[in-house]
Amino acid sequence: MNQFDALQEELSRLRAQGLERSWQQVEAVEGGRIRVKGRWLIHLASNNYLGLSLHPRVVAAAQEATVRFGTGAGSARLIGGTFAPHERLEEALASFKQAEAALLFPTGYMANLGIVTSLVGPGDLVIGDHLNHASLVDACRLSRATFRVYPHRDADRLKEALDHRRGRYRRVLIVTEGLFSMDGDLAPLPEIAALARRTGAWLLVDDAHGTGVLGAHGRGSLEYLGVSPEGILQMGTLSKALGSVGGFLAGPRVIVDYLKNKARSFIYTTALPPGCAAAACEALRVIQEEPVWRQRLEENVRQWTDGLKKAGWQLVSDSSQIVPIHVGEVEETMRLSLALFEAGIYAPGIRPPTVPAGSARIRTSLTALHTPADLQEALFVFEKLFSHAIMGTP
Ligand SMILES: *Cc1c(COP(=O)(O)O)cnc(C)c1O
């Protein structure tokens, strides 16, 4: 009996259920395509929504800062790891998100951990959407506050829970994604923000997917839904539309100052590489100066969703760049994903526990770099593969 046998058994169980995880090496990227196993595929699984990780200005900014400051920051932010690109980016993020201040974290995951665990603890209530991202769920659990969930996007049930429980806790923190990562739908932020204000609860909005994409200036789901960001804790990531890596909080200055002193995932870790900060900073500038990328993405979303609808799909989400095709069972999802691969499309199946059991899906996402011809080709494949398989199911 080997001391790790139990783990081997669990892995075998996962494999038997079709739930074992693996990756495929990406050999090259170009526009809206990637090369995997020697084949160029239409990439329908990227979060690089505006294509900015490949934008010449963004790449040049990363190079310049890297040459000047080195590949790594060399220290934590508070002890010698803060360079000009970090400070510049925090100012730019605060201004972009119309907040008083902003604070960088090494990743979005660590931002959520640091924010939630610093702001609530025993004696507090944290209440989140049932479909919140794993990083938010982990953060809520680790905080040791009482943790409750409300049904997906259900502001009425959130209101009931708040009315019922508010008096029993010192602090209440509401946590939701803005644009949901696996469903592509929006939180009812006007209702939730009003509820927070009325009950004195704090509101954290994780806008990993809305940042850079949604709203007249690309500020995110608050701008898109016409909600004033005042007093709201806006979390985001640099790793999606901003084409880099890193997480951030934008919000009231006192919150930023507090996190600077308390958030362990900010304090006890090395600062972002200066090149990554400089890249994200340039990406913010590109977003404001070159609206063409957001326009292209919007056109691509329209072409893709119109095409799917014409082919008989009932799409559950609002028209965002995240368009999930619900399948249900794991086996069927993985079979379709493989068939897509064979037909020249990269769109891995999304399985539990990333999504709830019974709701496995092909999550397609669009970028500004897809050409109309790419999408036409992909639509042709989707129509052919999916029409008989699961037509009509939502
Ligand atoms: C991707 C994502 C994160 C984590 O961001 P990283 O920077 O990739 O760590 C957090 N929340 C949501 C909703 C995400 O989709």
Side-chain angles (χ1 to χ4, degrees), residues 23 45-50 52-53 86 89-90 93 97 102-117 126 128-143 149 152-153 173-187 189 192 203-214 220-222 224 232-251 259 263-266 269-273 275-277 279-281 283-284 317-318 320-324 348 350 353-356 361 363-367:
W23 63 71
S46 176
N47 297 325
N48 184 23
Y49 299 126
L50 300 176
L52 296 186
S53 78
H86 298 106
L89 176 57
E90 282 170 342
L93 284 167
K97 290 287 185 177
L103 188 67
L104 290 171
F105 291 77
T107 68
Y109 192 117
M110 289 169 79
N112 278 336
L113 281 194
I115 297 161
V116 176
T117 62
V126 59
D129 188 287
H130 169 61
L131 291 185
N132 272 349
H133 189 262
S135 59
L136 287 172
V137 174
D138 293 355
C140 292
R141 287 184 183 147
L142 283 171
S143 73
V149 296
H152 184 48
R153 300 172 71 215
L173 176 65
I174 304 167
V175 191
T176 182
E177 289 182 46
L179 175 61
F180 281 85
S181 59
M182 290 298 146
D183 291 76
D185 50 4
L186 284 156
L189 292 175
I192 294 178
L203 172 58
L204 170 63
V205 177
D206 174 340
D207 212 15
H209 297 273
T211 300
V213 173
L214 294 179
S221 36
L222 291 174
Y224 183 75
I232 294 178
L233 315 185
Q234 303 182 71
M235 175 272 172
T237 173
L238 313 175
S239 65
K240 284 158 188 162
L242 300 185
S244 183
V245 67
F248 68 87
L249 175 95
L259 292 176
R264 296 169 68 84
S265 62
F266 168 81
T269 189
T270 300
L272 273 184
C276 298
C281 214
L284 280 177
S317 66
D318 309 287
S320 79
Q321 77 279 15
I322 301 166
V323 185
I350 308 288
T354 304
V355 293
R361 68 198 64 177
R363 172 193 184 267
T364 66
S365 57
L366 287 307
T367 78

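For ligands, and for the atoms within them, numbers begin at 1 and follow the listed sequence. What you are looking at is a predicted structure, and each value in this text was computed from that prediction instead of being measured.
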Can you tell me which residues line ligand 1 if we count any heavy atom under 4.0 angstrom from one of its atoms, in chain and number order? Thr107, Gly108, Tyr109, Asn112, His133, Ser135, Glu177, Ser181, Asp206, Ala208, His209, Thr237, Ser239, Lys240, Gly246
Can Leu272 and Leu238 be said to form a side-chain contact (heavy atoms from CB on, under 4.5 Å), step by step? CA-CA 11 Å; Leu272 273 184; Leu238 313 175; 3.9 Å; yes
Side-chain donor-acceptor pair present, Asn48, Thr367, cut-off under 3.5 Å: no
Assess, by modelled atom type and distance only, whether the side chains of Asp183 and His152 contain a donor and an acceptor separated by less than 3.5 Å. no
Between Asn112 and Asp206, does any side-chain donor sit less than 3.5 Å from a side-chain acceptor? yes
Going by heavy atoms in the side chains, are Thr211 and Thr237 under 4.5 Å from each other? no
Would you list the atom pairs, donor with acceptor, under 3.5 Å between side chains in residues 174-182 and any protein atom, with sequence neighbours excluded?
from: Glu177; atom 1: OE1; to: Ser181; atom 2: N; distance (Å): 2.8
from: Glu177; atom 1: OE2; to: His133; atom 2: N; distance (Å): 2.6

